[in-house]
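Proteins come first, then strands; the chains are lettered A, B, ... in the order of their sequence lines, and each starts at number 1.
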Number of protein chains: 2
Amino acid sequence: MSGTQLSTESIVQTLSSHGHRITTPRRAVIDAVLGHERPFTAEQIVAEVPAAGRATVYRTLELLASLDFCNRILQPGGHPAYVTGEPGHRHHLVCSGCGTTVSFTACPVDQIVDDLRAETHFRIDGHHLEVFGACPDCASTPN
Amino acid sequence: MSGTQLSTESIVQTLSSHGHRITTPRRAVIDAVLGHERPFTAEQIVAEVPAAGRATVYRTLELLASLDFCNRILQPGGHPAYVTGEPGHRHHLVCSGCGTTVSFTACPVDQIVDDLRAETHFRIDGHHLEVFGACPDCASTPN
DNA sequence: ATTGCTGCAAAGTGTTTGCAATCTG
DNA sequence: CAGATTGCAAACACTTTGCAGCAAT
């Protein structure tokens, strides 16, 4: 349920090894992203990182997502957000109250993909899965 | 994998029994929605139903979704769409090529919800699950 | 020196809202 | 009739894009 700690440097190295240039705005965005334990919006990063313009923030987030350093998720209300995580962690359990996120790799969908394939003869390429709820703190708060 | 056929009348009855008024624009939107076997966008309905304004279309779709007659899904590219289906059918397998949709009720997520609950002590309220792929026709087309 | 990256601001999507007029129950 | 519903257009939230200048390799 946990994993290797992510650092700006390790991400920078991956970026570099993929032929991407390392710029000040990109470093700043990566730092900001790593500073969030919980889901954050692109606009939050825009506000937190004056060193980068809006377009750069969006482009960098997309880049990070393409390298699997973060995922774009959709919160219950339908509002988009990003979460960071080591590559390989695909799914998230998000608290509707405070936004605390728990990643999990156990992918229950694999178990039915074979069934679906057999029944529908579709070629199955992927899926989205997000689980919503309330963390212990938020669940116990009368609120 | 299939179910009871949905008709404008049965939806209208449900609406009525829930205290909603039956208006010409609503009927028209429901008719249009039922005319789609595949995912459709709100704007498509707006274009197809001159009898209803844009706001009414969005409001009616939201109403139908709240009564579980349709679901808003997110296609692979991240573009929103709606799919119709009898209440109870929660998940969809969508062909990226032609949009053909297959509903399935088998919910593999239930199987891990208990595990997640035990491990995280979250209260689990729900989830989003969508599966993407290509239907037999699209998968075989060299394209 | 290349060529990718950046910022700005304008243009896009997709959706919601305020409000007076209108229609249903 | 009362109150729900409608349409319009303006406002919104979020994201993408064109392009000229700048900077990493």
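- Listed by chain and residue number, A:Arg90 satisfy the salt bridge (charged side-chain N to carboxylate O under 4.0 Å, His left out) test with A:Asp68 (two or more places apart in sequence, or in another chain).
- Within residues 62-69 of chain A, no residue places a heavy atom under 4.0 Å from DNA chain D.
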Between A:Ser17 and A:Thr14, is a side chain to side chain donor-acceptor pair (under 3.5 Å) present by the stated rule, with each step listed? CA-CA 5 Å; A:Ser17 72; A:Thr14 303; 5.3 Å; no
Take A:Phe132 and B:His128 through the test ring pair (Phe, Tyr, Trp, His ring centres under 6.0 Å) and record every step on the way to the result. CA-CA 8 Å; A:Phe132 305 113; B:His128 284 345; 4.9 Å; yes
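- Atom-to-atom, CG of A:Leu74 to P of C:dT15 comes out at 11 Å; the value is rounded to the nearest Å.
- Straight-line distance from the CG atom of B:Leu15 to the C1' atom of C:dG25: 14 Å, rounded to whole Å.
- Aromatic ring centres of B:His91 and B:His127 lie closer together than 6.0 Å.
- Taking a 4.0 Å limit (strictly below) on heavy-atom distances, residues 48-57 of chain B reaches DNA chain D at B:Ala51, B:Ala52, B:Gly53, B:Ala55, B:Thr56.
- Between the CD atom of B:Gln44 and the C1' atom of C:dG14 there is a distance of 13 Å, given to the nearest Å.
- Taking the charged nitrogens against the carboxylate oxygens, B:Asp115 and B:Arg117 have no contact shorter than 4.0 Å, which rules out a salt bridge.
- Without hydrogens or angle criteria, B:Ser16 side chain to B:Gln13 main chain gives no donor-acceptor distance under 3.5 Å.
- Here chain A contacts DNA chain D (any atom closer than 4.0 Å to a heavy atom, that is under 4.0 Å), and the contacts span D:dC14 to D:dT25 from 5' to 3'.
- One finds the CD1 atom of B:Ile124 at 5.0 Å from the CG atom of B:Leu116 (value rounded to the nearest 0.5 Å).
- Residue pairs satisfying the ring-ring contact (aromatic ring centres under 6.0 Å, His included) criterion with at least one member in residues 40-74 of chain B, sequence neighbours excluded, are listed as follows: B:His36-B:Phe40.
- Residues A:Pro39 and A:Val94 are in side-chain contact: their nearest non-hydrogen atoms beyond the backbone lie under 4.5 Å apart.
- Using a distance-only test at 3.5 Å, with no hydrogens or angles considered, a donor-acceptor pair links the side chain of B:Ser96 to the main chain of B:Gly133.
- Under the 4.5 Å side-chain heavy-atom criterion for ILVMFWY residues, a single connected hydrophobic cluster contains both A:Leu64 and A:Leu6.
- For the pairing with B:Val83, the side chain to side chain contact (heavy atoms under 4.5 Å, CB included) check across B:His92, B:Arg38, B:Glu130, B:Glu37 returns one residue only, B:His92.
- Between the NE2 atom of A:His18 and the C1' atom of C:dC5 there is a distance of 18 Å, rounded to whole Å.
- Note: CD (B:Gln13) to P (C:dG25) measures 13 Å, nearest angstrom.
- Between B:His20 and B:Pro80, the one whose closest nucleotide on DNA chain C sits nearer the 5' end is B:Pro80.
- Comparing B:Arg21 and B:Ala42, the nucleotide of DNA chain C nearest to each residue sits closer to the 5' end for B:Ala42.
- Within residues 22-37 of chain A, the residues having any heavy atom under 4.0 Å from DNA chain C are, by residue number, A:Thr23, A:Pro25, A:Arg26.
- At least one side-chain heavy atom of A:Glu48 sits less than 4.5 Å from a side-chain heavy atom of A:Gln44.
- A:Tyr58 places its OH atom 13 Å from the C1' atom of C:dT13, with the value rounded to the nearest Å.
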